[in-house]
Amino acid sequence: MDKIMPNRLDRGFYRYQQEFEEKALEVLRSGWYVLGKEVEQFEKEFAAYTGSKHCVGLASGLDALWLAFRILGIGEGDEVIVQANTYIASVMGITINGATPVFVEPDAFYNMDANALENCLTEKTKAVLVVHLYGQAAEMDKITEFCKKHNLRLVEDCAQSHGACFDGTMTGTFGDIGCFSFYPSKNLGGFGDGGAIVTDNAKIADDMRMYRNYGSRKRYYNEVVGANSRLDELQAGLLRVRLKHMEELTEERRRIAKRYTEQLNNPKLELPNIREHADSVWHQYVIRCEDREGLMAYLEEKGIGTIIHYPIPPHLSDAYAYLGKKKGDYPVTEHYADTVLSIPMYNGMTEEEQDAVIEALNAF
Ligand SMILES: *Cc1c(COP(=O)(O)O)cnc(C)c1O
């Protein structure tokens, strides 16, 4: 068998090849490439998919995050609570605006520990950024309650949670703004960069449309120093194709995850905990192993590729040296960073491939 990769984006393309190719040609032949009817339609369809009133297409997930905080007026002198074990882009969304991230440790589900939020609160706290990491919703009942109680803004980083619900409600719709990425490897991925926000607030949506287009609502009238962060027509068209199949794609990921959970039986491996009421969309299937480096090398030798999400937590990254954090400050986060491993999980994974991964893991 060929080497088994942690992800296979080509499989995602070939499954709907004809639809993607037809849509690409349609857009190319239309003569209209930025902010046209594909983006408009995609925004309508994605808003409906999430159960939000508005969606605004953007150029990336990072743009969705930093523009969200910009529009909420959160910047210099303000603090935003975010989980310490996230992808660094979540934190950049806060710090690009000059605001300060306050890290909270994760719970047993790799999400923000809702019970530790009170300890992070100061007079400067303005918002919570919750990340539905690996595709599983965070404990949203407690988190929304906390935000309401302390009058804080709530922003959701849904870059890994397209379609994931907590208690039947879609992630992205609990707070003020839900931020999405359509980077190719995400559950709803395009063929290049892309992102979006969803919101029920018409003013936020309007402001976001203004910000993404150089701060302009009316051509050549610029109200603020904005960004060039437009989802382009080609990506929007291709995302519309994929979005039509999201239910089937998510079901497939759930089938794969279920098989892993049922068949992995090696006591050296810690399998993911599954939160009640949170129906994971399995962006990643993340296991933990005390001898992670040994496990990775062993799998590599068997022709199985894996990746670490993420080996260096943001507080220990060079980019955030200025925050003055050190090793030992967030022990749970650091332990996860040292032991987590994402095993192959992708749409189009064959049973034969998965059997090979399961057999290798159980024999380790
Ligand atoms: C991918 C990702 C982002 C950034 O999205 P881009 O589109 O790559 O900018 C932000 N947060 C999380 C949790 C992500 O996984």
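Here the structure is a predicted model, which means the values were calculated and not measured. We use all heavy atoms of the structure for the numbers below, so side chains are in, but hydrogens, waters and symmetry mates are not. When a ligand or atom number is given, it counts from 1 through the structure's own listing order.
Annotation: the span from I287 atom CD1 to T339 atom OG1 amounts to 10.0 Å, rounded to 0.5 Å.
With sequence neighbours left out, the side-chain hydrogen bond (donor to acceptor under 3.5 Å, both in side chains) criterion links E353 to R11, Y346, T350.
Under the 4.0 Å criterion applied to side-chain N and carboxylate O atoms, R255 and E351 are not assigned as salt-bridge partners.
A perpendicular orientation is assigned to the rings of F166 and F174, their planes being inclined by more than 60° (bins at 30° and 60°).
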Could you list each N/O atom of ligand 1 together with any protein N/O atom closer than 3.5 Å, one pair per line with the distance?
residue, atom, partner, partner atom, Å
ligand 1, 5 (O), S181, OG, 3.3
ligand 1, 7 (O), G61, N, 2.7
ligand 1, 7 (O), S181, OG, 2.6
ligand 1, 9 (O), G61, N, 3.3
ligand 1, 9 (O), L62, N, 2.9
ligand 1, 11 (N), D157, OD1, 3.3
ligand 1, 11 (N), D157, OD2, 2.7
ligand 1, 15 (O), Q160, NE2, 2.8
ligand 1, 15 (O), K186, NZ, 2.7

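The main-chain N or O of N97 is never found under 3.5 Å from a side-chain atom of E76 such that the two would form a donor-acceptor pair.
Screening I197, L231, L35 against R212 for a side chain to side chain contact (heavy atoms under 4.5 Å, CB included) leaves a single residue, L35.
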